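First comes the structure, then the notes that go with it.
Quick caveat: nothing in here was measured; it's all calculated off a predicted structure. Each residue takes its place number in the sequence, starting with 1. Whatever order the structure lists them in is the order used to number ligands and atoms, beginning at 1.
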Amino acid sequence: MLFQPEQTYAKLSPLLASPCAPTPVAEPQWIAFNQALANSLGIPAELHNTEQGLLLYAGNQLPKWAQPHALAYAGHQFANFVPQLGDGRALLLTEVLDNNQQRFDIQLKGAGRTPYSRGGDGRSAIGPVLREYIVSEAMHALNIPTTRALAAVATGEVVQRESAQPGAILTRVASSHLRVGTAQYVLGLKRYDLLKQFADYVIQRHYPSAAEAANPYLDLLNQVIDTQAQLIAKWMSVGFIHGVMNTDNMTLSGETIDYGPCAFMEAYNPAQKFSYIDRRGRYAYQNQPPIAMWNLARYAETLLPLLTETDNDTEQAIQVATAAVEGFESVYHGYYEQAMATKIGHGHKASEPVTQQLLERLLHLMQQQQVDFTLAFRYLGDTDSSRFIELFSQDTTSAKNWYQDWLASHNDSKLTVVKQAMNQVNPAVIPRNHRLEEVIQAAQNSGDLRPFNRFVQALQQPFEERQEFAEFMQPAKPSEQVTTTFCGT
Ligand code: AMP
Ligand code: MG
């Protein structure tokens, strides 16, 4: 199988990417290597979990094909615009065409300072690296578009955070690292030619059909809106809370990126937030769709000069772009409705009142009684109703009534088949925060990677209820509950 490395984005303009070598580390050691992903990318065997591979993923010794660059981007962080952020601790090694001729970026994260590091050390602590490895691979197994984790290595060096912690480097794979913030950065350069070149690049790389549209840039905007609507609907349907939906953390490809203070909701609570830095709850669970729309408005702004060119009129361009962004609401709603209906086996009649009422009642009961979001939908797919009903211990009567109505709504179909299909979308195992903390503590405090490996293994088949991994299904006990997550930079 062919390995096809080639830089295209970093070559567009020196204004968009700066060449920058990784800073070698003292004593690299393996944490994890993703064999399946390496195979699909055609990575040569000598760069798998070998000594040579270790030196590559530590940034100590790069093969000729690696041409490391730090990418420039801007971004709205908690609604405040920062004109220059950029890869402060990440380096794009190369792009590569995989077995299906799809283009991916391979990036080291935590490989040392770059021209965009500002006050930072360019490094990562082991905790955030393990967290990103586990959660991004879990998201992939949950069929949610995401960046992937190819490798994790320990550096043998210490990084200073709230305390001194072991350092590590993650090798991230993404269908690109282009963000809403990247487009904002290009807009800020005030170079129409670059703006056009950038938009054309995004079209060519991610939305080639837009090139054929009557208005390619409007079509691009609509396609980005659509992929984001799909993504956020998927997040919502598994209770995922990203935690830092800044515009620099929103990809143009529609993949989830940057697993900082993210978490999966346990007890159903639409106002749930975890991120310690998100004091006001801007990025709480229920705010994710409107925030996505806000971010997409920022993206639309970057396309205005190009839309004006097509329309020959700024007012007209603003109107068209505004209408597109406002369209997010109904597009998102459609995906969300479909995803949630499928969770109760009503995918074929997602927008019918019976479906809507059942969902509304169920979510209301779950919220009232603080029922675990994941287990409620999973146990609904059981052969009998006992585990489901037991979740609603405060008021089993309402839960039983709901269950009877739900059964009745399926009287025309084979329930075993319906339940099997539900179990394909309602996971049994998700990366619960208290388990993540456990895994990180073991690795951080005693170098014990066994809990990490076991968790990764359990999460590879999230829709299987396997006895040997039963402990990963259970929500945190009150004493184990993690109520905040840190950015961990
Ligand atoms: P994040 O919170 O990971 O999305 O990062 C926001 C910005 O801060 C990005 O530009 C990062 O590259 C930068 N950054 C985060 N951590 C570090 C670090 N340890 N050293 C340098 N830059 C960093
Ligand atoms: Mg980021």
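Among the atoms of Asn246, no N, O or S atom is found under 2.8 Å from the Mg ion (ligand 2). Not one N, O or S atom of Asp248 sits under 2.8 Å from the Mg ion (ligand 2).
Of all atoms in ligand 1, listed by their number and element, those nearer than 4.0 Å to a heavy atom of Arg161 are 19 (N). Applying the 4.0 Å criterion to heavy atoms of Arg118 picks out, from ligand 1, the atoms 7 (C), 8 (O), 10 (O), 13 (C). The contact set between ligand 1 and Arg123, taken as ligand atoms under 4.0 Å from a residue heavy atom, comprises 19 (N). Within ligand 1, the atoms closer than 4.0 Å to a non-hydrogen atom of Asn249 are 4 (O), numbered from 1 in the order shown. For ligand 1 and Leu85, the ligand atoms under 4.0 Å from any heavy atom of the residue are 10 (O).
For the pair Arg205 and Tyr207, the cation does not sit on the ring face, since its NZ or CZ is not both under 6.0 Å from the ring centre and inside 45° of the axis.
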Problem set entry | Residue pair Tyr259, Thr147: steps toward the side chain to side chain contact (heavy atoms under 4.5 Å, CB included) verdict | CA-CA 10 Å; Tyr259 294 89; Thr147 64; 4.0 Å; yes
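Between Gly120 and ligand 1, not a single N/O pair is under 3.5 Å apart. Taking distance alone, with nitrogen or oxygen atoms compared against 3.5 Å, Gln77 stays at or beyond that limit from ligand 1. Residue Gly86 places at least one N or O, backbone or side chain, under 3.5 Å from an N or O of ligand 1. When only interatomic distances are considered, the shortest N/O to N/O separation between Tyr116 and ligand 1 does not fall below 3.5 Å.
Using a cut-off of 4.0 Å between Lys/Arg side-chain N and Asp/Glu carboxylate O, Lys109 and Glu132 are scored as salt-bridged. Under a 4.0 Å N-O distance rule, the pair Arg148/Glu255 does not qualify as a salt bridge. Salt bridge status for Glu471 with Arg454: present, with a side-chain N to carboxylate O gap under 4.0 Å. Arg172 has a carboxylate O that lies under 4.0 Å from a charged side-chain N of Asp258, or vice versa, which qualifies the two as a salt bridge. Under 4.0 Å is where a charged nitrogen must lie from a carboxylate oxygen, and between Asp121 and Arg123 no such pair does.
Relative to atom 16 (N) of ligand 1, the option among Gln84, Arg179, Arg89 with the closest non-hydrogen atom is Arg89.
In terms of heavy atoms, Tyr57 sits closest to Val153 at O-CG2, 3.5 Å.
Not a single heavy atom of Gly260 lies less than 4.0 angstrom from ligand 1. Within the structure, the closest approach of Asp87 to ligand 1 falls below 4.0 Å when heavy atoms are considered.
Judged purely by distance below 3.5 Å, without hydrogens or angles, the side chains of Arg131 and Asn433 pair a donor atom with an acceptor atom. Side-chain contact annotation: Asn269 with Gln370, donor-acceptor N/O pair under 3.5 Å absent.
If you look at Lys109 next to ligand 1, there are no close heavy atoms at all, none under 4.0 Å.
In Asp258, the N, O or S atom that comes nearest to the Mg ion (ligand 2) is OD2.
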